[in-house]
Amino acid sequence: MALFLSVKSFSQQGTVTIHQDKRIPTLLDLKKSLEKDNKLTDGFTIQLYYGNLSKANSTLSSYRNKYGKWPASIEYETPNYKVWVGNFTSRIEADRVLLEVQRNFPSAFILKPGKNKKD
């Protein structure tokens with residue numbers, strides 16, 4: 001018994017044209033910039049205060065009068081306000097800043113905002 005196989009393949013050649021929105025490269029550059037500045041990652045931050053808005057504003061103002069290196073903001077979590085400082089890539093970086101900040105804000109501590117817990 002003999003078996004013969006013959007295989008022929010045919011292929012086509014074509015051209016693919018991609019129409020891309022002109023804003024996409026700008027968005028990609030923005031994303032790279034945010035990643036570089038650690039704004040899209042789950043980094044570490046330092047919490048200075050947790051409580052009412054009046055005291056949060058006072059704490060933020062006091063912080064800004066003493067430090068200018070790290071950004072600070074007020075975050076709201078029902079029913080309290082938090083004063084957060086920085087967005088640090090590593091725990092060691094946050095620890096170094098914490099040592100400096102605790103001189104004026106002794107109750108400050110490090111947390112991971114995405115996880116809502118102390119670390």
Side-chain angles (χ1 to χ4, degrees):
M1 175 190 257
L3 180 63
F4 296 99
L5 290 173
S6 175
V7 177
K8 284 187 175 181
S9 73
F10 299 95
S11 64
Q12 297 178 352
Q13 292 185 353
T15 303
V16 176
T17 304
I18 299 173
H19 298 282
Q20 175 177 302
D21 190 308
K22 293 176 183 165
R23 296 173 289 185
I24 289 178
T26 303
L27 289 173
L28 290 173
D29 289 341
L30 177 62
K31 182 178 183 287
K32 285 180 196 173
S33 171
L34 290 172
E35 286 173 343
K36 181 180 175 190
D37 294 338
N38 195 33
K39 294 195 174 152
L40 296 180
T41 61
D42 187 24
F44 297 89
T45 193
I46 296 172
Q47 183 167 303
L48 302 182
Y49 175 76
Y50 182 87
N52 69 58
L53 180 58
S54 175
K55 180 72 173 153
N57 281 321
S58 171
T59 301
L60 181 61
S61 178
S62 177
Y63 168 81
R64 287 183 174 159
N65 286 332
K66 291 175 176 57
Y67 303 97
K69 298 179 202 174
W70 309 286
S73 63
I74 294 178
E75 306 294 325
Y76 180 69
E77 183 179 292
T78 307
N80 294 300
Y81 295 85
K82 303 173 185 180
V83 177
W84 285 356
V85 171
N87 187 8
F88 306 100
T89 306
S90 67
R91 175 65 192 235
I92 191 101
E93 182 184 10
D95 282 335
R96 288 180 182 141
V97 174
L98 180 64
L99 290 173
E100 187 172 333
V101 169
Q102 278 184 326
R103 291 181 207 152
N104 293 295
F105 301 93
S107 62
F109 63 91
I110 295 172
L111 58 87
K112 287 187 83 124
K115 299 187 178 180
N116 291 326
K117 69 174 189 174
K118 291 183 195 179
D119 201 53

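Sequential numbering from 1 along the given sequence is applied to the chain's residues.
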Separation of [Y] [atom2] from [X] [atom1] (nearest 0.5 Å):
| X | Y | atom1 | atom2 | answer |
| --- | --- | --- | --- | --- |
| Leu27 | Arg23 | CG | CZ | 7.5 Å |
| Leu98 | Arg103 | CG | CZ | 11.0 Å |
| Ser90 | Arg96 | OG | CZ | 7.0 Å |

Between side-chain atoms of residues 51-60 and protein atoms elsewhere (two or more places apart, or another chain), which donor-acceptor pairs fall under 3.5 Å?
unit_1	atom_1	unit_2	atom_2	d
Asn52	OD1	Ser54	N	3.1
Asn52	OD1	Lys55	N	2.7
Asn57	ND2	Leu53	O	3.4
Thr59	OG1	Lys55	O	2.8

Is Ile24 close to Thr26 at the side-chain level, that is, under 4.5 Å between some pair of heavy atoms?
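Sidechains of Ile24 and Thr26: no contact.
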Given the rule that I, L, V, M, F, W and Y join up when any side-chain heavy atoms are under 4.5 Å apart, are Ile74 and Tyr76 in one cluster?
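Same cluster.
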The test is side-chain contact (heavy atoms from CB on, under 4.5 Å); show your working for Tyr63 and Val85 and say whether it passes.
CA-CA 9 Å; Tyr63 168 81; Val85 171; 3.2 Å; yes
If we check side-chain contact (heavy atoms from CB on, under 4.5 Å) with Val97, which of these qualifies: Phe88, Phe44, Tyr67?
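Of the listed residues Phe88, Phe44, Tyr67, the side-chain contact (heavy atoms from CB on, under 4.5 Å) partner of Val97 is Phe88.
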Six-ring centre of Tyr50, Lys82 cation under 6.0 angstrom, axis tolerance 45°:
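No, Lys82 and Tyr50 do not form such a contact.
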Do the side chain of Arg64 and the main chain of Ala72 share a donor and acceptor less than 3.5 angstrom apart?
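The answer is yes, because a donor-acceptor pair under 3.5 Å joins these two groups.
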Could you walk me through whether Ser62 and Phe105 pass side-chain contact (heavy atoms from CB on, under 4.5 Å), step by step?
CA-CA 10 Å; Ser62 177; Phe105 301 93; 3.8 Å; yes
Can you tell me if Trp84 and Gln47 form a side-chain donor-acceptor pair at under 3.5 Å?
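Yes.
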Non-hydrogen atoms of Ala108 and Ile46 that approach each other most closely:
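Shortest heavy-atom contact: CB-CG2, 3.9 Å.
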Can you name the closest pair of heavy atoms from Pro25 and Gln20 and give their distance?
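Closest approach of Pro25 to Gln20: CD-NE2, 3.5 Å.
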